Amino acid sequence: MNIQDNSRYHEVHARSLADPEGFWGEAAREIDWIEPANKVFDPAMGLYGRWFVGAVVNTCYTTRSTAMSPMGAPARWR
């Protein structure tokens, strides 16, 4: 059996293409936002649109708080 036979990659990728706002909105719920977005995507904002309109996040905190040890447990920062 090929390990890729059990992968959900193709299913997840297809969903991200079929419903990008729903897909990324769901993924964004896993982030510790200072202020959550009031709109997932606004195509009218700029040449390429804008994702997570109105959201505020501290990327240093988010990166630090979600760092994982090799054993899969959250790393402790001192």
Side-chain angles (χ1 to χ4, degrees):
M1 175 191 279
N2 185 338
I3 194 165
Q4 292 179 343
D5 291 341
N6 291 326
S7 173
R8 291 186 55 226
Y9 172 81
H10 296 291
E11 171 190 345
V12 172
H13 182 250
R15 176 157 183 258
S16 75
L17 296 175
D19 179 20
E21 288 184 55
F23 178 83
W24 290 110
E26 184 178 313
R29 285 195 287 274
E30 300 297 322
I31 296 173
D32 293 321
W33 297 95
I34 293 170
E35 181 72 35
N38 49 29
K39 189 170 189 178
V40 175
F41 182 71
D42 186 349
M45 292 187 71
L47 181 61
Y48 301 106
R50 182 172 300 266
W51 288 93
F52 307 111
V53 178
V56 178
V57 67
N58 180 332
T59 55
C60 292
Y61 171 79
T62 302
T63 301
R64 186 172 157 170
S65 69
T66 58
M68 301 296 278
S69 74
M71 297 299 292
R76 302 243 180 216
W77 297 83
R78 298 177 194 247

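Owing to the predicted nature of the structure, the values given are computational and were not obtained by experimental measurement. Note: hydrogens, waters and symmetry copies are ignored here, and every other heavy atom, side chains too, is used.
Annotation: side chain of I31 is in contact with side chain of V57 (closest heavy-atom distance under 4.5 Å). Residues V56 and W33 form no side-chain contact, since every pair of their non-hydrogen atoms from C-beta on lies 4.5 Å or further apart. At least one side-chain heavy atom of W24 sits less than 4.5 Å from a side-chain heavy atom of W51. A heavy-atom distance below 4.5 Å is not found between the side chains of R15 and H10.
Through direct or relayed side-chain contacts under 4.5 Å between Ile, Leu, Val, Met, Phe, Trp and Tyr, L47 connects to Y48.
With sequence neighbours excluded, the residues that form a side chain to side chain donor-acceptor pair (under 3.5 Å) with E11 are R8. Take R50 and apply the side chain to side chain donor-acceptor pair (under 3.5 Å) test, not counting sequence neighbours, and it matches no residue.
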Go through the steps to decide whether V12 and F23 satisfy the test side-chain contact (heavy atoms from CB on, under 4.5 Å), and finish with yes or no.
CA-CA 9 Å; V12 172; F23 178 83; 3.5 Å; yes

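The two residues V53 and N38 have their closest heavy-atom pair at O-OD1, 2.7 Å.
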